[in-house]
Amino acid sequence: MAQLLAVEIIYRGVFQKTLAKNITRGIVLAAHNEGKLGISFGRYGDAPERNGIPGKSFAIVASDEQTLEAGMAQYEPKQVDVTVVLDDTLCKGTESWAWYGLRPVNSALKPGRTLIVISLQDAPTLLKNIHRREQPYKLGIVKGIASFSGMWVFKDDHTDVRVLGTIAKALPELFGLASVEKFINEKLKSSLKVTSARTAFERFSAVDVKPGQGNPEELFKFDLPGWGAMRSGVSIKGQPQGGPYADPVTKELGGFRPARNELFKKYSTRIMRPVVNFATCTKCTLCWLNCPDASFDVTPDGTYDANLEACCGCGICEAVCPVKDCIRMVNESEFHDNNSQWVEFKKDKGAYLKSLEATIQKAEPIEKRTHGFRYRGQYQEQVPAALEIANKG
Ligand code: SF4
Ligand code: SF4
């Protein structure tokens with residue numbers, strides 16, 4: 001009987017592009033070893049693909065040529081048998097095309113199929129971020145540090161073959177472990193990688209996620225206008241400027257909050273977030289002036305609050321702030337909301353500063369999460385730690 005299977009890889013634009021491409025290529029070549037036909041292809045998550053923007057790669061495998069051609073008669077698979085998320089901060093949702101807004105990472109999964117996440121966290125923690133849905137599915141974790149490198153660079157920490165071994169376990173209809181091993185032996189020529197794939201296969205297990213389980217956040221809903229509802233000519237709605245807003249304690253209006261596109265949630269780009277010590281801020285304005293995404297709200301008392309709905313996590317504010325430790329970039333995966341830090345500070349300064357200290361302790365160091373542009377040789381330094389985790393499982 002004709003069979004069509006699809007795998008979707010969700011990755012961090014630029015930093016994981018080569019990794020995602022290598023995995024989808026490996027899927028097709030492993031499936032070839034069982035006489036199946038396939039194609040792997042990617043598309044930009046943004047145009048052009050930018051640092052950290054979620055992107056997607058696909059592998060489609062069919063039992064025969066005609067089924068493959070029929071399966072390709074669409075822009076991208078609408079339903080997939082496996083989704084792999086290469087960085088667990090992507091579990092908060094992917095902003096893959098700005099015009100249709102934030103999408104849950106499990107939205108394309110067929111009922112009962114498997115979502116695989118590379119993470120050091122456990123399933124209950126990941127489910128705080130992964131949006132709930134009506135159909136059941138399975139969630140499996142490949143224990144590991146998100147592998148970041150660059151558009152033209154590949155960090156060879158075995159993430160690619162570990163994912164292939166895991167897929168062989170999660171979706172045996174696609175290919176068995178023997179086909180993955182044959183692909184690695186013939187194309188990658190590494191017995192060490194065969195061991196990594198086999199170990200990942202043996203260790204992988206998935207938990208059942210019931211309907212309604214997961215992050216209850218309601219994603220923004222909207223209707224695209226039909227052809228009949230469109231006006232003649234082309235018109236683009238102007239962006240309002242924004243304005244002052246209320247102090248949560250005194251209720252007095254002040255400061256300035258730019259109006260922002262309510263559909264385009266830039267935080268899905270972020271692997272680190274800035275945390276601000278408002279008590280030491282000198283109001284020098286440098287963070288506000290240098291932020292490339294106009295993410296700072298000027299608070300009614302003249303400090304600067306990184307608006308976490310808008311911040312893409314680039315780290316420039318940390319670099320330009322002249323006050324030691326006033327802005328620190330910390331690990332995004334430790335957070336499950338985008339609440340205003342300044343509002344928390346205003347409500348209880350002592351509690352905020354205490355929690356800031358705890359946050360910095362818990363979410364630093366962040367070297368494990370950075371995308372490698374901090375110093376030359378960072379990738380090479382990271383590989384042994386990644387391999388150790390792969391070994392221990
Ligand atoms: S990390 Fe700082 S500079 Fe970069 S987008 Fe966020 S607030 Fe702006
Ligand atoms: S750069 Fe630092 S000190 Fe200057 S306004 Fe921003 S947070 Fe305050």
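Note that this is a predicted model, so its numbers are computed, not measured. Read the numbers this way: they start at 1 and go in the same order the structure lists the ligands and their atoms. Values reported hereafter were calculated over all heavy atoms of this structure, with side chains retained and with hydrogens, waters and symmetry mates removed.
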Distance to the ring centre below 6.0 angstrom and angle to the axis at most 45 degrees; does that hold for R273 and F335?
yes

Taking atom 6 (Fe) of ligand 1 as the reference point, the nearest protein heavy atom with its distance:
C311 SG, 2.4 Å

Can you list the atoms of ligand 2 that are under 4.0 Å from a heavy atom of I327?
7 (S)

Grab the two heavy atoms, one from R113 and one from L171, that are nearest each other, plus how far apart they are.
NH1-CD1, 3.4 Å

Hey, are T89 and E332 close enough side-chain-wise for a donor-acceptor pair under 3.5 Å?
no

Numbered atoms of ligand 1 (with element) below 4.0 Å of F296, judged on heavy atoms:
7 (S)

Within the 3.5 Å criterion, strictly below it, is a donor on H336 or N129 matched to an acceptor on the partner's side chain?
yes

Any donor-acceptor pair under 3.5 Å linking the side-chain atoms of D305 with those of T299?
no

Among all protein non-hydrogen atoms, which one is nearest to atom 2 (Fe) of ligand 2, and what is the separation to 0.1 Å?
C321 SG, 2.3 Å

Using a 6.0 Å distance limit plus a 45 degree cone around the ring axis, check whether K169 lies over the aromatic ring of F201.
yes

Identify the protein heavy atom lying closest to atom 8 (Fe) of ligand 1, giving its residue, its atom name and the separation to 0.1 Å.
C291 SG, 2.3 Å

Tell me, please, if C317 has any N/O/S atom, main chain or side chain, under 2.8 Å from atom 2 (Fe) of ligand 1?
yes

For S147 and D157, test the side chains for any donor-to-acceptor distance below 3.5 angstrom and give the result as yes or no.
yes

Should you measure from each heavy atom of C284, which atoms of ligand 2 turn up under 4.0 Å away?
1 (S), 3 (S), 4 (Fe), 5 (S)

For T282, atoms of ligand 2 separated by under 4.0 Å from a heavy atom:
3 (S), 8 (Fe)

Out of all atoms in ligand 2, which are within 4.0 Å of some heavy atom of V323? Include the element for each.
3 (S)

Going by the atom numbers of ligand 2, which of them fall below 4.0 Å from some non-hydrogen atom of T285?
4 (Fe), 5 (S)

Close-contact set for ligand 2 against Y304 heavy atoms, below 4.0 Å
5 (S)

Ligand 2 contact on T280 by region, counting heavy-atom pairs under 4.0 Å
neither

Considering only non-hydrogen protein atoms, determine which one is nearest to atom 4 (Fe) of ligand 1 and report residue, atom name and distance to 0.1 Å.
C314 SG, 2.3 Å

Please determine whether C287 has a backbone or side-chain N, O or S atom lying under 2.8 Å from atom 4 (Fe) of ligand 2.
no

Is the F256 to Y245 ring centre distance short of 6.0 Å?
no

Just by distance, with hydrogens left out, do D293 and S295 show a side-chain donor and acceptor under 3.5 Å apart?
no

